Amino acid sequence: MLVEGWRLFEQRRPGAAEKEFRAALSLRPDWADALAGIGLARLQSGDNDGARKEFGEVQRVSESVATELRASGAKDAFTRKEAQAYIRSCHALGCLAFDEKKYDEALIELERVYAVDEGPVGTEARLIAGVALIKLNRAGDAVPVLEVAAKSESGTCRAPMSLALAHFLAGNTKAAEGALDKALSTNASIGKVLLGRIPKRSVNPGT
């Protein structure tokens, strides 16, 4: 039932997917994976409040998992099957809060993700958290959050660009230039656009 639910979810059929997830839940109450599936189906259908409720339930039933992850100093939580529903739910709640400009709330949820995961999911959570801190005029606090993301292979050019902005707003111009140089070395085209160095006239792609 769970597998069928995810198949329907991937086909963008949230209503049908939710039925499968609920059927699985009826046979195995408090199953975090099924609850997370319902939450994501609700999110896909545009029911943010319904999604938020289900994700909150995932956190409730995953309390012991979350405690174990922090206690063990885990940095690879999303690779662990038993933790994926919890990580997905925290990340989704953080994104929902960010979209609603509830930045303080977003920071709480996103920290739950990147505190135990330094892979692509955790790095994405750090990037969003860094932007939230900047929007709260806390650029100095954003720097250490984004520095870890900038060192990650999954941080691409977005992490050093955000880090450069945080350094600049925090008044550290030299550090901002260093982060910007790293961003340029990762993706020179984006850097040139941002710096206004691409000429308006047509250029030879080979030059």
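The structure displayed is predicted, hence computed values, not measured ones. Residues: numbered from 1 along the sequence shown.
- Taking a 6.0 Å sphere around OH of Y103, one finds it holds more than 12 heavy atoms contributed by other residues, nucleotides or ligands.
- Of the possible polar contacts, one joining the Q44 side chain to the F9 backbone as a donor-acceptor pair under 3.5 Å is found.
- Residues F78 and R88 have side chains in contact (heavy-atom distance under 4.5 Å, counting atoms from C-beta outward).
- By the 4.5 Å heavy-atom criterion applied to side chains, L133 and L146 are not counted as neighbours.
- Side chains of D141 and L136 form no contact here, defined as non-hydrogen atoms less than 4.5 Å apart.
- Side-chain polar atoms of Q59 and E109 form a donor-acceptor pair below 3.5 angstrom.
- A pairwise comparison of heavy atoms in S62 and A32 identifies OG-CB, 3.7 Å as the closest pair.
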Applying salt bridge (Lys or Arg N to Asp or Glu O under 4.0 Å) to E111 and R70, what does each step give before you reach the verdict? CA-CA 11 Å; E111 191 275 339; R70 284 186 176 268; 2.6 Å; yes

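- No more than 12 heavy-atom neighbours from other residues, nucleotides or ligands sit within 6.0 angstrom of CD on E63.
- The shortest side-chain heavy-atom distance between L43 and E54 does not fall under the 4.5 Å cut-off.
- Expressed to the nearest 0.5 Å, how far CG of L163 lies from CG of L180 amounts to 10.5 Å.
- Using a 4.5 Å cut-off on side-chain heavy atoms (C-beta onward), L2 and F21 make contact.
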